[in-house]
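Notes for the one structure printed next.
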Amino acid sequence: MTCVRSAADRIPLPDERSKQLVLILGDQLSPSVSALRAANVDRDVVLMAEVRDEATYVRHHKKKIAFVFAAMRSFAAELSAAGWHVDYVQLESPGNSGSILGEVQRAFADHHCSRVLVTRPGEWRLLDAIKKYGDEQRIEIELLEDDSFLCSEREFAQWANGRKQLRMENFYREMRRKTGLLMEKDGKPCGGRWNFDAENRRPPRRGLTVPTPKRFPNNTTTREVLELVADRFGDHFGTLEPFWFAVTRVEAEAAFDHFLETALAQFGDYQDAMLSDEPFMFHAVIALYLNAGLLDPLAVCRRVEEAYRAGAIGLNAGEGFIRQIIGWREYVRGIYWLRMPGYVDENFFSHHNPLPDFYWTADTDMACMRACIGQTRDEAYAHHIQRLMVTGNFAMLAGIDPHEVHEWYLAVYADAYEWVEAPNTLGMSQFADGGLLASKPYAASGNYINRMSNYCTDCQYDVKTKFGLGACPFNFLYWNFLDRNRDRLRKNTRLAYSYRNLDRMDDAQLGAIRRDAAVFLERLRS
Ligand code: FAD
Ligand code: DLZ
Ligand code: SF4
């Protein structure tokens, strides 16, 4: 028996002395998570469990597993210090069943609980499993809203209802009004415009000095976790050490302060820029902390607004940053819950090519792909444009099965959870939903990568050549993608310019593009 409520309107226990089992998941590491707010510190038992299933349902990057386990252990210690009775199950604890619900079953019996309290999980598969478990076992499970988000699923569904297009920009304006962020007293947006994105597309310039994110030394807990991960998940993708992520709220806040001081002012200008050997550019590197509950989204936006109002940063940086969080982050979550469970199987272009091996090895002669995949392996991080316009763009142009692409993104980044990853991958980057999320496919030739990065200077391919010997694969794959999808895309007005250019090609040029693409894709498949 499961029921969904907000923390405020939950049903009181029949007997206030009966003990509740409060399940806290690895991405709910906040003292203000709704399940803890609804529980009683003197009576209830908190369950936190490291389990094999959560680390392997996709084979997560070693750094992600280490981050989640170290942050879970630190949070459990914080809760114990605050007086909670915490039942913490380590991966190696005797009897660990390997699954969240297996651990709920054990703890429920061990502690003689009367019901389970849990904040709604971020992924559909776990929500579904919890509901089924409650029904099968006849255990009362109370699912509380995750109110760390600004827009509830219900509010998003109401916003979406009856709209022909679900564009982020319209949703974002509602969120600005709702939060009052960067709003003037007369209800107009600061600076007279909602969006300063056009000022956020500067290519990297020579001699640009790029800051590094704050790095934290490993404490005893983290060192133990690193040993565990090396031992138990050594065959997963990714480099485990050096490991420098924050693993507590205090550290995550220090990481964010460091971003405010060193990078935010240039975040807007260089948001889309890419440089080899500079994996982080001026990005915040906080998504992993936000998504695990270590940072509060509204609080970080308020800090950025303060910096703008104090004159420390320009409006393009402040607005650009806040849009990512109250706009994109909330919007993709809304789309996810609106469209699940079917969303992860969408495949608008009917792409069925397998994901090339080099997504796991970085062993490719395309310098841009080598750089983005290499840093993904080493840091469990790539910034948005690297994910969208390099690895994502290539996968779409090469006709890779979007579900395989989705599983790759879910596995390789420290910030990856399906509620945020799936709409970004399937909707924004692969156009697998046919345009629900993006107004056109984010497809680009090598020209875009050359403009926004220095990758092409070190590449064996020639970015200026469309086809033939040494031509950049992004070029012939791009034209081939447009060519093979004429029926699906031709009417899209945002692609009119590209189709006019394609139409200007003569038969010989088009034939060469088709031939080069076919040979290249055949080689990839084999
Ligand atoms: P910054 O660039 O500094 O941005 C600040 C914050 O804004 C981020 O921390 C994040 O919380 C938020 N944000 C920015 N863009 C987005 C976006 N498009 N959607 C949601 N939130 C956003 N983000 C994830 O958090 N988890 C994912 O699994 C994930 N998968 C992605 C897959 C693809 C194919 C693409 C194109 C994007 C994906 N993103 C994902 C969005 C974005 O790339 C990351 O949020 C960002 O790179 C994280 O780095 P950062 O903290 O330095 O972000
Ligand atoms: C990501 C993750 C990992 C690797 N391990 C655990 C774990 O052992 N125990 C746990 O409670 N949560 C873990 N998580 C986070 C969950 O996968 C996450 O809560 C769900 O995917 C829902 O978002
Ligand atoms: Fe990438 Fe093409 Fe540039 Fe090489 S030439 S780095 S493959 S865009």
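Every number for a ligand or one of its atoms is a count from 1 in the order of the listing.
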>> If we check side-chain contact (heavy atoms from CB on, under 4.5 Å) with K64, which of these qualifies: Y413, Y417, F69?
In response: Y417
> Above 12 or not: heavy atoms from other molecules or residues under 6.0 Å from CG of D277?
Replying inline: no
>> Tell me every residue that passes ring pair (Phe, Tyr, Trp, His ring centres under 6.0 Å) with F149, counting only those two or more places apart in sequence or in another chain.
In response: W419
> Counting from 1, what ligand 1 atoms have a heavy atom of L388 closer than 4.0 Å?
Replying inline: 36 (C)
> Of the choices M428, H384, H283, R329, which has the non-hydrogen atom that lies closest to atom 2 (O) of ligand 1?
Replying inline: H283
> Which residue pairs pass the side-chain hydrogen bond (donor to acceptor under 3.5 Å, both in side chains) test with at least one member in residues 431-443, sequence neighbours excluded?
Replying inline: Y343-D433, S439-R494
>> Quick one, Q271 and H383 - any side-chain contact, counting heavy atoms below 4.5 Å?
In response: no
> For ligand 1, which atoms sit closer than 4.0 Å to a heavy atom of F321?
Replying inline: 5 (C)
>> Can you tell me which portion of M72 lies within the under-4.0 Å heavy-atom range of ligand 2? Options are side chain, backbone, both, or neither.
In response: side chain
> For the ring pair F280 and W244, is the centre-to-centre distance below 6.0 Å?
Replying inline: yes
> Under 2.8 Å from atom 2 (Fe) of ligand 3, protein N/O/S atom count?
Replying inline: 1
> Taking only heavy atoms of V51, which atoms of ligand 2 are found under 4.0 Å from at least one of them?
Replying inline: 7 (C), 8 (O)
>> I'd like to check which ligand 2 atoms, numbered from 1 as shown, lie under 4.0 Å from a non-hydrogen atom of R125.
In response: 17 (O), 20 (C), 21 (O)
> For ligand 2, which atoms sit closer than 4.0 Å to a heavy atom of A49?
Replying inline: 7 (C), 8 (O), 9 (N), 10 (C), 11 (O)
> Think R303 forms a cation-pi with F256, using NZ or CZ under 6.0 Å from the six-ring centre and within 45 degrees of its axis?
Replying inline: no
>> To check your reading of the model: name the closest protein heavy atom to atom 11 (O) of ligand 2, its residue, and the distance in Å.
In response: G26 N, 3.0 Å
> So is Y381 in contact with ligand 1, going by heavy-atom distances below 4.0 Å?
Replying inline: yes
> Going by the order shown, which atoms of ligand 1 are within less than 4.0 Å of some heavy atom of A382?
Replying inline: 47 (O)
> Just going by heavy-atom distances, which of M48, E50, E54 is nearest to atom 13 (C) of ligand 2?
Replying inline: E54
> What atoms of ligand 1 come within less than 4.0 Å of a heavy atom belonging to H383?
Replying inline: 47 (O)
> With a cut-off of 4.0 Å, which atoms of ligand 1 are near a heavy atom of V285?
Replying inline: 50 (P), 51 (O), 52 (O)
>> Under 6.0 Å between ring centres: does that hold for F476 and Y478?
In response: no
> Among protein heavy atoms, which lies nearest atom 30 (N) of ligand 1, and at what distance?
Replying inline: R387 NH1, 3.5 Å
>> Counting only heavy atoms not in E227 (residues, nucleotides, ligands), do more than 12 fall under 6.0 Å from its CD?
In response: no
> What atoms of ligand 2 come within less than 4.0 Å of a heavy atom belonging to G122?
Replying inline: 22 (C), 23 (O)
> Applying a 4.0 Å heavy-atom criterion (strictly less than), which segment of L25 is in contact with ligand 2: side chain, backbone, both, or neither?
Replying inline: both
> Which is closest to atom 14 (N) of ligand 2 by heavy-atom distance: V68, D146, L126?
Replying inline: V68
> With a 3.5 Å cut-off and no angle check, do the side chains of Q28 and T119 form a donor-acceptor pair?
Replying inline: no
> Restricting to pairs with a member in residues 278-300, which pass side-chain hydrogen bond (donor to acceptor under 3.5 Å, both in side chains), not counting sequence neighbours?
Replying inline: N291-R329
> atom 18 (N) of ligand 1: which of N424, T425, I286 has the nearest heavy atom?
Replying inline: N424
>> Below 4.0 Å from ligand 1: does a non-hydrogen atom of Y442 turn up there or not?
In response: no
>> Checking contacts here: is it the side chain or the backbone of I100 that comes within 4.0 Å of ligand 2, counting heavy atoms only? Could be both or neither.
In response: side chain
>> Quick check on F69 - does any of its heavy atoms sit under 4.0 Å from an atom of ligand 2?
In response: yes
